[in-house]
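Only one structure is covered here, and it is reproduced in the block below.
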2 protein chains.
Amino acid sequence: MIAVSSGRKLTKGEATRRAILIAAEQRFAEFGYDAARLEMIAEDVGIRQAGIFYYFPSKLELFQELTGSIHKDLLAFTQSRLSGATDPWERLMLLTEAWLDFMVARPSAARIILRSCANASSNDLYPEAYSSDVLSLLRGIIREGISSGRFTNVDSMYLVNLLSGSILHYVCNAEQLAEEHAYRPEDPVEVGTFKSILRKTARAVLEIDGR
Amino acid sequence: MIAVSSGRKLTKGEATRRAILIAAEQRFAEFGYDAARLEMIAEDVGIRQAGIFYYFPSKLELFQELTGSIHKDLLAFTQSRLSGATDPWERLMLLTEAWLDFMVARPSAARIILRSCANASSNDLYPEAYSSDVLSLLRGIIREGISSGRFTNVDSMYLVNLLSGSILHYVCNAEQLAEEHAYRPEDPVEVGTFKSILRKTARAVLEIDGR
DNA sequence: ATTATCTATAGATCTATAGATAATGC
DNA sequence: ATTATCTATAGATCTATAGATAATGC
């Protein structure tokens, strides 16, 4: 899921830089920005803490580059899934499933996004947050569906809360929410069931007739 | 919403202790456990930072007492709303609306719970998290509904994700999710609309026929 | 030669303790 | 007298800098 780009062999430095970003994603997801220690990240990579500053000017900028690339990747992934589809309902389902697939495949990204949702208004950590590009894609689809008469008139905010909120919780709360055994969010059967539930939900909220 | 208990006049100390808990709820919600400073909390209360330690042995135990009381309050509030109702569907709707009303009335609690959801497995901060009492109430209702044949057979985990996940996002993400103007989660009209959407959602997922 | 990493540590916080002092309420 | 609060600071971290050293790859 992490962009691997050009196949050219990486220099040692490039490899280290990427390893830092990958370790940072894990650690920021696990502990949150404040509690995550540069020491941990460095240890994962196999260098000393101060080595990180050769690649990133500060902890904050490391975090910001990371979250920026998560959003970029999510946007690109979603857009590629939508390409070709024109029907609003179909596009809405493709987008929802893309989000779920992305989060399931990259749970550390999901957890970082969920943490950003818990942070109130914009601050240094989350300037425009989860929002912007990815969300405006969803809003656009809902707007189209409504104006074409396919969807009932409903504020897109509610659907965002329902769909993206529950997707993030599905991926992040396996241990906490499961009755006895924690379910495995990446289990294809589980994912399939959840997709059909999301579909039922959207259909009910938008008052789409059977399909 | 915060328990006011016995009307007896508070001693100065009791008043300060409660003021600390109230300020702590705001600050932990706003910044998260790590970034919240005892200095801020003390300032809100009108004492110096070290004064907090007269009432609480440590920052962690202050936080734990706070989250414990949030869960206790949510449980009591939910149970009082459920009292009398026996029909599973009615109980499910009462519980859902109770959760939403609670979170709307006490958004700082909602944000603290959302933060706890973002924290992976149990740690010092969130021993059994959101879970336990309140969630098992919901699970019990779903189990009853299924065994009585009123609900279709669905894992309660999915409904928890949908309902509680989206409720938390509804309350916490007003600024981030609203298109232009932030919506006001406490606006009764907005709350009413969201309740009807949650109802549609639950009905669709549980395959309850019209009502 | 240039790039990458290390050691050592300065500087900035933040929690928590100790001991002094002020306010409360029987 | 007891309860509540203050001042001052110890002790523990953690990020980030400076300068030295080792590894890389043309």
Side-chain angles (χ1 to χ4, degrees), chain A residues 5-67 112 115 119 123-126, chain B residues 5-67 112 115 119 123-126:
Chain A
S5 73
S6 59
R8 182 176 54 81
K9 200 163 187 303
L10 299 175
T11 68
K12 194 160 184 279
E14 286 170 323
T16 302
R17 189 172 206 284
R18 292 185 188 198
I20 291 171
L21 283 166
I22 289 170
E25 182 167 318
Q26 299 299 123
R27 295 303 190 166
F28 284 134
E30 190 178 1
F31 295 99
Y33 177 80
D34 294 291
R37 300 292 164 230
L38 293 177
E39 182 65 44
M40 305 168 173
I41 295 169
E43 194 182 349
D44 292 348
V45 174
I47 61 176
R48 309 305 292 269
Q49 180 259 77
I52 292 174
F53 292 91
Y54 181 71
Y55 298 97
F56 300 92
S58 68
K59 182 184 183 184
L60 182 59
E61 288 177 73
L62 165 57
F63 183 76
Q64 287 170 337
E65 177 167 334
L66 174 63
T67 52
I112 287 170
R115 287 186 188 281
N119 272 272
N123 54 36
D124 278 349
L125 280 184
Y126 309 96
Chain B
S5 74
S6 59
R8 181 176 55 80
K9 200 163 187 305
L10 299 175
T11 68
K12 194 160 183 282
E14 285 169 322
T16 302
R17 190 172 204 285
R18 293 188 186 196
I20 291 171
L21 283 165
I22 289 170
E25 182 166 318
Q26 299 299 124
R27 295 303 190 167
F28 284 134
E30 190 178 2
F31 295 99
Y33 178 80
D34 294 290
R37 301 291 163 230
L38 294 177
E39 182 64 44
M40 303 168 174
I41 296 170
E43 194 182 350
D44 291 349
V45 174
I47 61 176
R48 309 306 291 267
Q49 180 260 60
I52 292 174
F53 291 90
Y54 181 72
Y55 298 96
F56 300 92
S58 68
K59 183 183 182 185
L60 182 59
E61 288 177 72
L62 165 59
F63 183 76
Q64 286 169 337
E65 176 166 335
L66 174 64
T67 53
I112 287 170
R115 287 186 188 282
N119 273 272
N123 54 35
D124 278 350
L125 280 183
Y126 308 97

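Numbered from 1 within each chain, the chains take letters A, B, ... in sequence-line order.
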Taken to the nearest 0.5 Å, the spacing of A/E30 CD from A/I112 CD1 works out to 11.0 Å

Between CE of A/M40 and C1' of D/dT13 the distance, given in whole Å, is 12 Å

Per the 3.5 Å Watson-Crick/G-U criterion and a run length of at least three, the stems involving DNA chain C are C:1-24 with D:1-24

Take A/T11 and A/E14, measure what side-chain contact (heavy atoms from CB on, under 4.5 Å) needs, and give me the verdict at the end.
CA-CA 5 Å; A/T11 68; A/E14 286 170 323; 3.5 Å; yes

In whole angstroms, the gap separating P of C/dC14 from CD of B/E43 amounts to 13 Å

When rounded to whole Å, the CG to P distance for the pair B/L38 and C/dT17 reads 12 Å

Atom CZ of A/R37 and atom P of C/dC14 are separated, to the nearest Å, by 12 Å

Rounded to the nearest 0.5 Å, the CG atom of B/L66 sits from the CD atom of B/Q64 at a distance of 10.5 Å

**OP:** May I ask you to evaluate whether B/T11 reaches the phosphate of D/dA4, defined as a side-chain N or O under 4.0 Å from OP1 or OP2?
**Re:** yes

Residues 41-63 of chain A side chain polar contacts: donor-acceptor under 3.5 Å, at least two apart:
residue : atom : partner : partner atom : Å
A/D44   : OD1  : A/R27   : NH2          : 3.1
A/D44   : OD2  : A/R27   : NE           : 2.8
A/S58   : OG   : A/E61   : N            : 3.1
A/K59   : NZ   : A/Y33   : O            : 2.9
A/K59   : NZ   : A/A36   : O            : 2.9

* Stepwise side-chain contact (heavy atoms from CB on, under 4.5 Å) check, B/K12 with B/R17 -> CA-CA 9 Å; B/K12 194 160 183 282; B/R17 190 172 204 285; over 6 Å; no

Separation of C/dC14 atom P from B/L60 atom CG, nearest Å, is 18 Å

(Q) Using a heavy-atom cut-off of 4.0 Å across all strands, would you classify B/A35 as base, sugar-phosphate, or nothing? (A) nothing

Do any N or O atoms of the protein come closer than 3.5 Å to N or O atoms of nucleotides 5-8 of chain C, and which pairs are they?
residue : atom : partner : partner atom : Å
C/dT5   : OP1  : A/K12   : NZ           : 3.2
C/dT5   : OP1  : A/T16   : OG1          : 3.2
C/dT5   : OP2  : A/T16   : OG1          : 3.4
C/dT5   : OP2  : A/Y55   : OH           : 2.4
C/dC6   : OP2  : A/R48   : N            : 2.6
C/dT7   : OP1  : A/R48   : NH1          : 3.2
C/dT7   : OP2  : A/R48   : NH1          : 2.3

Nearest heavy-atom approach of B/D34 to A/A35 is OD2-CB, 3.4 Å

Exam field: side chain A/R115 to backbone B/R115, donor-acceptor pair closer than 3.5 Å: no

Between CG of A/D34 and P of D/dT13 the distance, given in whole Å, is 17 Å

B/F53 CZ to D/dA10 C1', in whole Å, measures 13 Å

- Message: Applying a 4.0 Å non-hydrogen cut-off, can you work out what B/A36 is touching in the nucleic acid: base, sugar-phosphate, or nothing?
- Response: sugar-phosphate

